[in-house]
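Take a look at the structure set out below.
In what follows, chains carry the letters A, B, and so on, assigned in the order in which the sequence lines appear, proteins first and then strands, with residues in each chain numbered from 1.
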Amino acid sequence: MYSQKIEITFGAFNNRHLQMAKLDELQDIVTQTRRDILRMVHKVNSGHPGGSLGCTEFMVALYNEIMDLKEGFDMDGIGEDLFFLSNGHISPVFYSVLARKGYFPVEELSTFRLINSRLQGHPTTHEGLPGVRIASGSLGQGMSVALGAAQAKKLNGDDHLVFSLHGDGELQEGQNWEAIMYAAGNGIDNLISTVDRNGKQIDGPTSEVLPMGDIAEKFRAFGWDVLEIENGNDLEEVIAGLNEAKSRTGKGKPVGIIMNTEMGNGVDFMMHTHAWHGKAPNDEQLEKALAQNPETLGDY
Amino acid sequence: MYSQKIEITFGAFNNRHLQMAKLDELQDIVTQTRRDILRMVHKVNSGHPGGSLGCTEFMVALYNEIMDLKEGFDMDGIGEDLFFLSNGHISPVFYSVLARKGYFPVEELSTFRLINSRLQGHPTTHEGLPGVRIASGSLGQGMSVALGAAQAKKLNGDDHLVFSLHGDGELQEGQNWEAIMYAAGNGIDNLISTVDRNGKQIDGPTSEVLPMGDIAEKFRAFGWDVLEIENGNDLEEVIAGLNEAKSRTGKGKPVGIIMNTEMGNGVDFMMHTHAWHGKAPNDEQLEKALAQNPETLGDY
Amino acid sequence: MKKYTDQGKNDTRSGYGAAMTELGRSHPNVVALCADLVASLKIQDFIDENPDRFFQTGIAEANMMGMAAGLTIGGKIPFASTFANFATGRVYDQIRQSIAYSGKNVKICASHAGITLGEDGATHQILEDIGMMKMLPGMTVINPCDYNQTKAATLAIADYVGPVYLRFGRPKVANFTPVDQKFEIGKGLLLNEGTDVTIIATGHLVWEALKAAESLEEQGISAEVLNIHTIKPLDEEAVLKSVKKTGCVVSAEEHNYLGGLGESIARTLAVHYPAPQEFVATQDTFGESGTPADLMEKYGLNNKAIEKAVLKVMKRK
Amino acid sequence: MKKYTDQGKNDTRSGYGAAMTELGRSHPNVVALCADLVASLKIQDFIDENPDRFFQTGIAEANMMGMAAGLTIGGKIPFASTFANFATGRVYDQIRQSIAYSGKNVKICASHAGITLGEDGATHQILEDIGMMKMLPGMTVINPCDYNQTKAATLAIADYVGPVYLRFGRPKVANFTPVDQKFEIGKGLLLNEGTDVTIIATGHLVWEALKAAESLEEQGISAEVLNIHTIKPLDEEAVLKSVKKTGCVVSAEEHNYLGGLGESIARTLAVHYPAPQEFVATQDTFGESGTPADLMEKYGLNNKAIEKAVLKVMKRK
Ligand SMILES: Cc1ncc(C[n+]2csc(CCOP(=O)(O)OP(=O)(O)O)c2C)c(N)n1
Ligand SMILES: Cc1ncc(C[n+]2csc(CCOP(=O)(O)OP(=O)(O)O)c2C)c(N)n1
Ligand SMILES: [Mg+2]
Ligand SMILES: [Mg+2]
């Protein structure tokens, strides 16, 4: 199907280089990614900046520091770590991180959500965008997919890891708990699933929409090894947390990370509210927001 | 739709009478119900005796001692307790208990699973069988329905309770966890949901099919008040447990009961195996099984 | 032909919301449910006025459908609402067992149906929901065409006893049906009389059909326009009456050509009066991101596509 | 007419199981998944021989479909199997997004389809699955007619790259297609040539169609019997060629008459060659408990029903 093999040479941010990368180098990518997100959603006056901005540190760290990635892209991803974005609405951060990593031209970010683009509102394999291995958007499906990919790795004798990201509101979907139960019951210990606990969803704070109690406790009751990242918008903490999670793999249990983030992080007027979950800034707001995130690597 | 009002006068086992009923009177119903179950599935060589036999004490206690029931049957059930069978495959025990309670003629048990019967393989409202308020059979849906009915009771200022029963394997369905999360998050405290923990499902022991760990702990992690019935095939224990559960309602939390049962209970060769989950006895086996459960209230 | 005027563009979902506000006041047993999409469904007024009669289920559509079924037990009339994909494909088995087969008086109210959902793209653009819901025994399937009709339909289904699937959309479109038009479930509306071809349209395609008919008239072609807002039960009498007169038909719907209104019409004709038909619908593809207008153009869902289909089908008479 | 002999009754699901055993040996990338229904799906041999390539998901069909999609990433060819209702209606959105739209090479293998599931009753008797799966862009939909054809189809889809829905059943039925017949996806099989009427049948109804054709021959009616095992992509050429010759058609399927093979044929004819058609199918009702034979009789799904439909449709030519 959409499993064409694509030759890509990663640019400045290949893995070996990044192992030595200074934090402020990563921070530059973070800031540039924030700009990308804001400019993408502004242009089409649609899309989801809130969750994207909150997960920027995580996504930048994952792709530029944590994951062991091959050069190029093929669907099977044998011999490299894999990532699945279950909360597909935060596609802007995913696209920016993929493009800045070298999976596709950075200029293509300007086609986000336009007709005939590979950068669909929600990520998809359907248009052959390198870096994407599954469609998401309808919530709650990504952990099951990650589980399948993790099992395939085991069958293939491939000792690389599978990562996934999920919204906290998304965990209200029952399919997640099927997957969570399966992963523990079958000792899927090459999987690291992170929950973006920003405490917000479309209709308001999760505590008002549908109180979820202690998420970590729930994962533990289902048999997972769980750790928390107290501040998921602190790059150092995110990297430390992800490395800690990696060290806990291969021990018979799936590893979960509850990561506290601030929706809309990095743009003062987008923080501490759920209002920007799926709303784009207008011209004036964009300007204000960009001013808080000065250009580092060059706008697309 | 199928909400006709039906006039029924409960017979010997009406509520006032039952409050005084001796345990051995209930035990007689239990034994007779076991016979009914065995004869029903034997006749059509299909149906689910295992779970039915394991839940016989519970169902008999519920309908004849625990629930506050009106005479007659109407769909809305205002002013009485309600029961929803989520694991619809144990319809034989449900039908027998309903018939023996007086909801429909006991003779009708002989039509189980035959064409043109009101006693479908899985319970349904579609044929207008008194006592049944929702169809079940596709697993995992009953708790959501019970939740809705519980909310309707609150809206109607009706302080009666809603009961539901679920298989343990059934809890692998994610929809349950949506309902479990909702019930706690919204303080649905007029609901008592019981899990038939027989440790078995179709393909084998739950511990082999999909290990579920500690179910009570999971419910607690989701915010429920949970109690356990150690031996769900001991009538006294079941009644005590259900009464304890009732006493915990109205306190802001949904109440869960983890009830340990033995699949196939009451028939020695059907116990300690999952083999009789959905298999009917042959002539010889029936005879053996009935001999272990002598007629008490008269066969249909 | 009869002229229809756009009384001002509006979204059909706002018609739903406005009717819900009215039902909140007139029907004490009406309750609403939503799965974390309140603003999109336009039911904030209902919630503000009837906080106790609203159930926020979070992102858990299966639980929402089951709860809706349960709420009927006790006499409530639940309006369970979310995006059309999550109101159908996500929860088909729950609707099937707990609502349709159980015969529960639940109204499944689905916004953002079809490709005009726009920028969110294919994962959200359900083009199979009419087909799914029409296959369920006992289900009534309604796809109104504008704000007024959606509002009227919402009011009408509250008084009808039985499960209903009500499908509406996101974009602001022409509002042209009379504000006081009574909504009769299952009754097709003859919007324009014609003799050369029948155009049967539902939902957002009705306005496009009217525009097509106007342009066809200028070319000397007399097109009858039939608004089938109720796909099930289908007004076979109206369909047959018109096609027997014109001898050919174009069906127009914001849906895959497989399984939808078009195939229901083809079946009706095959059984009663075989006649040439062309399908204006998506051609068995997923949608994609884009503006509603761009998408309707690209996927052949507008007046131009209807005109083309008319010219083609008339040659086949 | 050509005579078909029953080589001995067998269940189509056993054809699936037998093929899975073969695939286990011949195709190292084939993996199997099941949601607590292993014995019903007849895959115990596959599991015994390839324990590492089997995934028992428990009663969690949504997770099973997602896992199947994930297993393709890494080159596996997952056969995800359960009862047809739980393989379609329960998980439509998961199939839609994670398999069909994502273009994953997953084989959805569904047993106990239709009313012949028997005693378990309506909650288990899906009569809408063909319609659901045919509406999904990119999905191949196959409903073989007997043990041999099911086995051949299972082997064939392993070598086809793309998502497939394979539907089969529970009861033992006549096994009459040649044991060595190659299965060509999308290619209708002309089982009997005739001139007066075309009977297009799929699944369990094919044998019934052949029986009907025999009896019709005795009445001097020459019925062409076309086995459409692949509902999608539909062999429109074969359908049109036959109907152009005979001038009328009866479709026969174990499915609601709404949305299934019958409507696909009606659409094909409406677009290319309008002709009278009658539908042998369930008439928009849920099923019920009973023996398969009793149910086929009551719901008009046997040779007698086909005969009646033929006589009716021929009068309409
Ligand atoms: C199955 C499904 N139901 C509903 C939606 C609509 N929806 C998109 S995002 C969202 C809220 C998600 O909340 P969360 O996972 O916390 O993400 P955040 O808002 O924090 O980014 C909802 C309800 C959806 N995309 N999929
Ligand atoms: C959604 C769904 N998936 C699968 C089935 C098939 N099925 C019927 S009973 C059963 C096992 C149920 O296990 P449990 O809940 O523990 O009940 P028990 O066997 O103990 O009676 C399964 C898988 C079903 N009825 N519904
Ligand atoms: Mg959130
Ligand atoms: Mg069990």
Side-chain angles (χ1 to χ4, degrees), chain A residues 40-41 43-48 87-89 91 111-127 134-142 166-178 200-212 274-275 277-280, chain C residues 33-41 43-44 47 51 54-67 81-91 93-94 112 115-126 170-171 285-299:
Chain A
M40 284 164 77
V41 299
K43 179 174 175 192
V44 288
N45 192 27
S46 84
H48 299 78
N87 46 341
H89 59 279
S91 57
T111 69
F112 176 61
R113 284 184 169 242
L114 295 178
I115 202 161
N116 299 322
S117 169
R118 299 197 292 181
L119 276 61
Q120 290 292 299
H122 295 81
T124 178
T125 56
H126 196 265
E127 313 302 329
I134 198 80
S136 55
S138 178
L139 293 165
Q141 302 188 29
H166 311 267
D168 50 358
E170 188 184 9
L171 292 181
Q172 292 158 0
E173 283 289 352
Q175 186 181 348
N176 287 298
W177 300 96
E178 296 181 358
K200 297 181 181 64
Q201 57 192 106
I202 290 185
D203 283 348
T206 53
S207 59
E208 285 172 24
V209 173
L210 179 54
M212 303 176 67
H274 65 276
H277 156 92
K279 201 181 102 181
Chain C
L33 300 92
C34 193
D36 198 21
L37 284 167
V38 161
S40 293
L41 267 293
I43 52 173
Q44 193 60 53
I47 299 172
F54 171 66
F55 302 92
Q56 167 64 270
T57 64
I59 313 170
E61 294 83 6
N63 187 45
M64 177 170 75
M65 291 303 166
M67 270 184 51
S81 56
T82 180
F83 286 177
N85 184 25
F86 315 136
T88 56
R90 187 71 174 203
V91 291
D93 189 41
Q94 285 81 12
H112 291 55
I115 206 158
T116 55
L117 167 136
E119 290 81 355
D120 273 344
T123 55
H124 288 52
Q125 291 160 335
I126 188 87
R170 174 179 177 241
T285 64
F286 287 104
E288 64 172 287
S289 292
T291 63
D294 281 358
L295 292 167
M296 285 176 83
E297 174 76 24
K298 175 166 176 180
Y299 289 85

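Of the possible polar contacts, none joining the Glu288(C) side chain to the Gln120(A) backbone as a donor-acceptor pair under 3.5 Å is found.
Heavy atoms closer than 4.5 Å to chain A are found in both the backbone and the side chain of Ala60(C). Neither the backbone nor the side chain of Ser40(C) has a heavy atom closer than 4.5 Å to any heavy atom of chain A. For Leu114(A), the part sitting under 4.5 Å from any heavy atom of chain C is the backbone (N, CA, C, O) and nothing else. Looking at Ser138(A), both its backbone and its side chain come within 4.5 Å of chain C, counting heavy atoms on both sides. For Ser91(A), no part lies near chain C; criterion is any non-hydrogen pair under 4.5 Å. Contact annotation for Phe83(C): neither backbone nor side-chain heavy atoms come within less than 4.5 Å of a heavy atom of chain A.
Ring pair His122(A)/His124(C) is parallel by interplanar angle, where below 30° counts as parallel and above 60° as perpendicular.
With respect to chain C, the highest number of heavy-atom pairs below 4.5 Å among Thr124(A), Leu171(A), Leu139(A), Thr206(A) belongs to Leu139(A). With chain C as the partner, the residue from Glu173(A), Glu170(A), His89(A) showing the most heavy-atom pairs under 4.5 Å is Glu173(A). Contact count versus chain C (heavy atoms, under 4.5 Å) is highest, among Met212(A), Glu208(A), Gln175(A), Gln172(A), for Gln172(A).
Closest non-hydrogen pair, Asp36(C) versus Val209(A), comes out as OD1-CG1, 4.2 Å. Heavy-atom minimum distance, Gly121(A) versus Ser289(C): N-OG, 2.7 Å. When all heavy atoms of Glu119(C) and Ser46(A) are compared, the closest pair comes out as CB-OG, 3.4 Å. Taking each heavy atom of Leu295(C) and Ile115(A) in turn, the nearest pair found is CD2-CD1, 3.8 Å. The heavy-atom pair separating Gln56(C) from Asp203(A) by the smallest distance is NE2-OD2, 2.8 Å. The shortest non-hydrogen separation linking His48(A) to Asp120(C) is CE1-OD1, 3.8 Å.
Distance check: Asn45(A) CG to Thr291(C) OG1 gives 12.5 Å after rounding to the nearest 0.5 Å.
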